[in-house]
Amino acid sequence: MTTEGFTTCLWFDGQAEEAAEYYLSVFENSRLGRIGRYTEAGPGPAGSAMAVEFEINGQKFVGLNGGPQFTFNESISFQIRCSDQDEVDRYWSRLTDGGEEGPCGWLKDRYGVSWQVVPEVLIDLIGDQDAEKAARTTAAMMAMKKLDIATLQKAHDEG
């Protein structure tokens with residue numbers, strides 16, 4: 001095994017190149033890598049992307065145009081830790097554009113990939129040693145779609 005770590009492979013049905021470009025537009029610290037294209041040997045149309053390498057915040061991905069056999073589901077998601085509400089709002093807005101909102105900071109993007117847009121402070125709030133504070137914060141989170149830091153903090157602090 002090389003020292004480069006793991007690469008996450010995402011299976012698409014003909015949208016790998018489009019999806020890679022989309023993710024590059026969402027995440028500032030990203031870059032496109034190599035693109036392998038189908039030849040006349042198939043099984044995809046000659047010249048279309050078979051595999052697309054891209055990197056987001058140091059995480060390596062390969063988008064594979066494998067066909068309609070497999071689709072994404074919520075059993076795998078990518079967590080985006082956000083330092084402030086502006087960052088939560090930006091990622092939520094970009095990733096739900098053409099996608100769908102879910103509960104508790106979860107969403108699906110336009111390709112069906114699940115994401116969790118999470119403020120960094122959330123783990124501290126719901127993991128508070130004071131069980132009442134943690135419970136109030138958790139209850140507030142469970143009532144939300146996009147997470148709101150001020151509302152979570154208020155629920156935590158009220159007592």
Side-chain angles (χ1 to χ4, degrees), residues 1-127 137-138 141-142 144-152:
M1 183 173 187
T2 70
T3 58
E4 292 187 29
F6 293 97
T7 299
T8 301
C9 182
L10 301 174
W11 182 291
F12 293 93
D13 182 15
Q15 305 145 315
E17 191 168 12
E18 174 187 317
E21 292 293 341
Y22 171 69
Y23 296 132
L24 296 179
S25 77
V26 171
F27 296 93
E28 292 177 13
N29 186 17
S30 61
R31 66 180 184 83
L32 186 63
R34 299 174 297 176
I35 301 174
R37 300 202 177 273
Y38 285 110
T39 66
E40 291 75 25
S48 67
M50 176 174 52
V52 180
E53 294 178 335
F54 60 102
E55 188 173 309
I56 300 171
N57 291 340
Q59 174 63 48
K60 294 178 182 185
F61 292 90
V62 170
L64 173 68
N65 280 326
Q69 299 90 325
F70 303 110
T71 58
F72 298 111
N73 66 54
E74 294 82 357
S75 66
I76 299 291
S77 63
F78 297 100
Q79 190 176 82
I80 306 168
R81 292 202 172 187
C82 301
S83 60
D84 57 32
Q85 191 65 47
D86 287 342
E87 206 171 33
V88 169
D89 294 346
R90 184 175 70 248
Y91 285 120
W92 189 266
S93 173
R94 293 298 313 274
L95 290 168
T96 58
D97 181 18
E100 62 185 73
E101 297 182 349
C104 306
W106 288 62
L107 63 86
K108 282 187 184 178
D109 68 25
R110 63 181 68 170
Y111 302 101
V113 176
S114 292
W115 298 84
Q116 300 173 52
V117 182
V118 181
E120 283 190 42
V121 70
L122 179 65
I123 297 299
D124 293 331
L125 298 176
I126 64 174
T137 305
T138 300
M141 177 192 70
M142 298 297 283
M144 295 179 188
K145 289 192 177 204
K146 177 177 73 171
L147 299 181
D148 181 88
I149 297 171
T151 302
L152 293 167

(request) Report the distance from atom OG1 of Thr138 to atom CG of Leu152, rounding to the nearest 0.5 Å. (result) 9.0 Å
(message) I'd like to check Arg110 versus Asp97 (side-chain heavy atoms, cut-off strictly below 4.5 Å). Are they in contact?
(response) yes
(request) Supply the atom-to-atom distance Arg90 CZ to Gln85 CD, rounded to the nearest 0.5 angstrom. (result) 12.0 Å
(message) Please tell me whether Ser83 and Glu120 have a donor and an acceptor in their side chains that are separated by less than 3.5 angstrom.
(response) no
(request) For the residue pair Glu101 and Trp92, confirm or rule out a side-chain donor-acceptor distance under 3.5 Å. (result) yes
(message) In the structure I gave you, are the side-chain heavy atoms of Val113 and Phe78 within less than 4.5 Å of one another anywhere?
(response) yes
(message) If you compare all heavy atoms of Val117 against all heavy atoms of Leu147, which two are closest, and at what distance to 0.1 Å?
(response) O-CD1, 3.9 Å
(message) For the residue pair Tyr22 / Gln15, report whether a side-chain donor-acceptor contact shorter than 3.5 Å exists.
(response) no
(request) Go through Ser114 and Glu74 one step at a time and tell me if the side-chain hydrogen bond (donor to acceptor under 3.5 Å, both in side chains) criterion holds. (result) CA-CA 6 Å; Ser114 292; Glu74 294 82 357; 4.7 Å; no
(message) Testing the 3.5 Å rule here: is there a donor-acceptor pair between the side chains of Asp109 and Tyr23?
(response) yes
(message) I need the Trp115 CH2 to Leu107 CG distance, nearest 0.5 Å.
(response) 8.5 Å
(request) Count the heavy atoms belonging to other residues, nucleotides or ligands that lie under 6.0 Å from CZ of Arg81, then report whether that count exceeds 12. (result) no
(message) Rounded to the nearest 0.5 Å, what separates atom NZ in Lys146 from atom CG in Asp148?
(response) 7.5 Å
(message) Within the structure provided, determine whether Leu10 and Phe72 are in side-chain contact (heavy-atom separation under 4.5 Å).
(response) yes
(message) With heavy-atom distances below 4.5 Å as the criterion, would you say the side chains of Gln116 and Ile80 are in contact?
(response) no
(message) Using side-chain heavy atoms (C-beta onward) and a distance below 4.5 Å, is Trp106 in contact with Lys145?
(response) no
(message) Taking atom CD as the centre, does Glu28 end up with more than 12 heavy-atom neighbours from other residues, nucleotides or ligands that are less than 6.0 angstrom away?
(response) no
Got a list of side-chain donor-acceptor pairs under 3.5 Å for residues 49-63, not counting sequence neighbours?
| unit_1 | atom_1 | unit_2 | atom_2 | d |
| --- | --- | --- | --- | --- |
| Glu53 | OE1 | Arg34 | N | 3.2 |
| Glu53 | OE1 | Arg34 | NE | 2.9 |
| Glu53 | OE2 | Arg34 | NE | 3.4 |
| Glu53 | OE2 | Arg34 | NH2 | 2.6 |
| Glu55 | OE1 | Arg31 | NH2 | 3.3 |
| Gln59 | NE2 | Thr8 | OG1 | 3.3 |
| Lys60 | NZ | Glu4 | OE1 | 2.7 |

(request) Dump the intermediate steps for side chain to side chain contact (heavy atoms under 4.5 Å, CB included) on Leu24 and Leu32, then the final yes or no. (result) CA-CA 7 Å; Leu24 296 179; Leu32 186 63; 3.6 Å; yes
(message) Quick one about Ser25 and Arg94 (side-chain donor to acceptor, distance below 3.5 Å, no hydrogens or angles considered), yes or no?
(response) yes
(request) Hey, could you give me the CG/CE distance between Leu125 and Met141, rounded to the nearest 0.5 Å? (result) 10.5 Å
(request) Walk me through it: do Met142 and Cys104 pass the test side chain to side chain contact (heavy atoms under 4.5 Å, CB included)? (result) CA-CA 5 Å; Met142 298 297 283; Cys104 306; 3.6 Å; yes
